[in-house]
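Written out below as structure tokens is the structure these notes cover.
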Amino acid sequence: MSQGKRIVLASRPHGEPTSANFRLEDYTPPTPGAGEVLLRTIWLSLDPYMRGRMADGPSYAAPVPVGGVMEGGTVSEVIASNNPAFAKGDIVLSRAGWQTHVLSDGKGLAKIDPKIAPISTAVGVLGMPGMTAYTGLLEIGKPQAGETVVVAAASGAVGSAVGQIAKIKGARAIGIAGGKDKCAYVKNELGFDECLDHRDPNLAAKLKEACPKGIDVYFENVGGAVFDAVFPLLNAFARIPVCGLIAHYNDTEAHAPKWAGAMMRNILTKRLTFRGFIVSDFAAMHGDFLRDMSQWVREGKVKYKEFVTEGLDSAPEAFMGLLKGANFGKQLVRVGPDKA
């Protein structure tokens, strides 16, 4: 068997992660024992939440320990099995993390049918990012026909799905993305009603023009200046699913903004609903999500784009780029071929 490779957390970042926070190691892939399977990673998903796992502050999940393998969702092939539930050659959804091989006792693995869709979608539009969009928008945002839905990071894995689902539900979809090419893709390929560049110094004025009746649902992925532009336009009883705050993930200090008082006053007088969520909160909806999203993808109602880098050693640079918006679509690392 070929030598295995893994990327571990070498040190905790202060502010933006750097290459010094990661370390590539070689290791010998283990041999499965009774009831175990050996997995070979094909696809590794890179997602913004991983920045939180690099820190040791309080959060909804335990941090990656220094020296530990960086965590992440993966699509893997079973290359050896002593578990009757899995056969050699099975393709599974797993959480192998940033490494080429891992042992599993089978718990938490889910078989993937390559006939339904490309297997990479199991960590994309038909996986955690797609389900994040589906559950957050439909359970918290609850868009109604004719309402206006705004989503930041609109060309990314979650944001692109949010806007397309909003359109399916009869709402107007306004995207905010980084750069002319991303905005053109969101509007022309994904079918959003409008997409604005978050780098535009006139973002607030252009967003107001794009939302003449205000904003009923804002799916929050970013925070920062985008939220500043959105907040004054929120209608009474607007719903704000808070999925991510990527503009703040590298902040080194926590402090209340000067306008916190005005924000709280608006939450009261406009009766706004802010709700943070983690996709696992809605685990019971997984079957509904797979049924609906797979159908929408087959029918062309939901489109997706993948941004792929090659080889496990490309993961740190790709991840650092992801936090700065360098990706165009779902960020994936092709760790190995589809079949050994």
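Only this structure's heavy atoms are used, side chains among them; waters, hydrogens and symmetry mates stay out. Note that the structure is a prediction, hence the values are computed from the model and not measured.
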Looking at [X] and [Y], what are the two nearest heavy atoms and their distance?
X: Pro32; Y: Ala80; value: CG-CB, 3.9 Å
X: Gly163; Y: Val151; value: N-CG1, 4.4 Å
X: Val222; Y: Ala152; value: CG2-CB, 3.5 Å
X: Met285; Y: Thr135; value: SD-CG2, 4.0 Å
X: Asn235; Y: Lys213; value: ND2-O, 2.9 Å
X: Pro241; Y: Val217; value: CD-CG1, 4.2 Å

Roughly how far, to the nearest 0.5 Å, is the [atom2] atom of [Y] from the [atom1] atom of [X]?
X: Thr132; Y: Asn221; atom1: OG1; atom2: CG; value: 9.0 Å
X: Lys5; Y: Leu312; atom1: NZ; atom2: CG; value: 8.5 Å
X: Leu272; Y: Met264; atom1: CG; atom2: CE; value: 10.5 Å
X: Leu207; Y: Glu194; atom1: CG; atom2: CD; value: 10.0 Å
X: Glu16; Y: Arg51; atom1: CD; atom2: CZ; value: 9.0 Å
X: Glu71; Y: Trp98; atom1: CD; atom2: CH2; value: 10.5 Å

Assign the ring pair Tyr218 / Phe227 to parallel, tilted or perpendicular, where the plane angle (0 to 90°) is split at 30° and 60°.
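Tilted: the ring planes of Tyr218 and Phe227 meet at 30° to 60°.
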Could you tell me how the ring of Tyr27 sits relative to the ring of His101: parallel (under 30°), tilted (30 to 60°) or perpendicular (over 60°)?
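Aromatic pair Tyr27/His101 classed perpendicular.
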Evaluate the side chain to side chain contact (heavy atoms under 4.5 Å, CB included) criterion for residues Phe307 and Lys305: first the C-alpha distance (whole Å), next the side-chain angles of each, then the deciding distance (0.1 Å), finally the verdict.
CA-CA 7 Å; Phe307 192 79; Lys305 188 179 186 71; over 6 Å; no
Heavy-atom check, side chain of [X] versus side chain of [Y], under 4.5 Å:
X: Phe219; Y: Val158; answer: yes
X: Glu139; Y: Phe277; answer: no
X: Leu109; Y: Val37; answer: yes
X: Trp296; Y: Val125; answer: no
X: Glu306; Y: Pro118; answer: no
X: Pro13; Y: Thr18; answer: no
X: Phe274; Y: Arg239; answer: no
X: Val302; Y: Ile168; answer: yes

Do [X] and [Y] sit in one hydrophobic cluster, given that two such residues count as connected whenever their side-chain heavy atoms are within less than 4.5 Å of each other, even indirectly?
X: Ile240; Y: Ile267; result: yes
X: Val162; Y: Tyr49; result: yes
X: Leu44; Y: Val92; result: no
X: Met128; Y: Ile116; result: no
X: Met50; Y: Val102; result: no

Please check if atom CD in Glu317 has more than 12 non-hydrogen atoms from other residues, nucleotides or ligands closer than 6.0 Å.
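Open.
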Do other residues, nucleotides or ligands put more than 12 heavy atoms under 6.0 Å from Lys111 NZ?
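It does: Lys111 NZ has more than 12 such atoms within range.
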Other than Ile42, what residues sit in its cluster of Ile, Leu, Val, Met, Phe, Trp and Tyr side chains whose heavy atoms are under 4.5 Å apart, directly or through others?
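Under the 4.5 Å side-chain rule, Ile42 groups with Trp43, Val75, Ile91, Leu93, Ile112, Ile119, Val123, Val308, Leu332.
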Determine whether Gln144 and Asp216 satisfy the following criterion, side chain to side chain contact (heavy atoms under 4.5 Å, CB included), listing intermediate values before the conclusion.
CA-CA 9 Å; Gln144 305 299 307; Asp216 301 292; over 6 Å; no
Pairs in or reaching into residues 267-285: which pass side chain to side chain donor-acceptor pair (under 3.5 Å), with residues at least two apart or in two chains?
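Checked against side chain to side chain donor-acceptor pair (under 3.5 Å) - neighbours excluded - no pair reaches residues 267-285.
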Cut-off 3.5 Å, side chains only: do Ser45 and Lys330 have a donor facing an acceptor?
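Short answer, yes.
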Any side-chain donor paired with an acceptor under 3.5 Å for Thr41 and Thr74?
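Side chains of Thr41 and Thr74: no pair found under 3.5 Å.
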Is a donor on one side and an acceptor on the other found under 3.5 Å between the side chain of [X] and the backbone of [Y]?
X: Thr121; Y: Leu126; answer: no
X: Asn266; Y: Met263; answer: no
X: Asn327; Y: Ala318; answer: no
X: Asp193; Y: Ala173; answer: yes

For Tyr185, give me all partners under ring-ring contact (aromatic ring centres under 6.0 Å, His included), at least two apart in sequence or on another chain.
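In terms of ring-ring contact (aromatic ring centres under 6.0 Å, His included), with neighbours along the sequence ignored, Tyr185 is linked to Phe328.
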So that I can tick it off, tell me whether Asp197 and Lys182 are bridged by a salt bridge, with the cut-off set at under 4.0 angstrom between side-chain N and carboxylate O.
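No, no charged N to carboxylate O under 4.0 Å.
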Could you give me the CA-CA distance, side-chain angles and deciding distance for Leu39 and Glu77, then say whether side chain to side chain contact (heavy atoms under 4.5 Å, CB included) is met?
CA-CA 5 Å; Leu39 304 178; Glu77 180 188 10; over 6 Å; no
Run the side chain to side chain contact (heavy atoms under 4.5 Å, CB included) test on Gln99 and Val8 for me, step by step, so that the C-alpha distance in whole Å, both residues' side-chain angles and the decisive distance to 0.1 Å come before the verdict.
CA-CA 9 Å; Gln99 55 187 337; Val8 303; over 6 Å; no
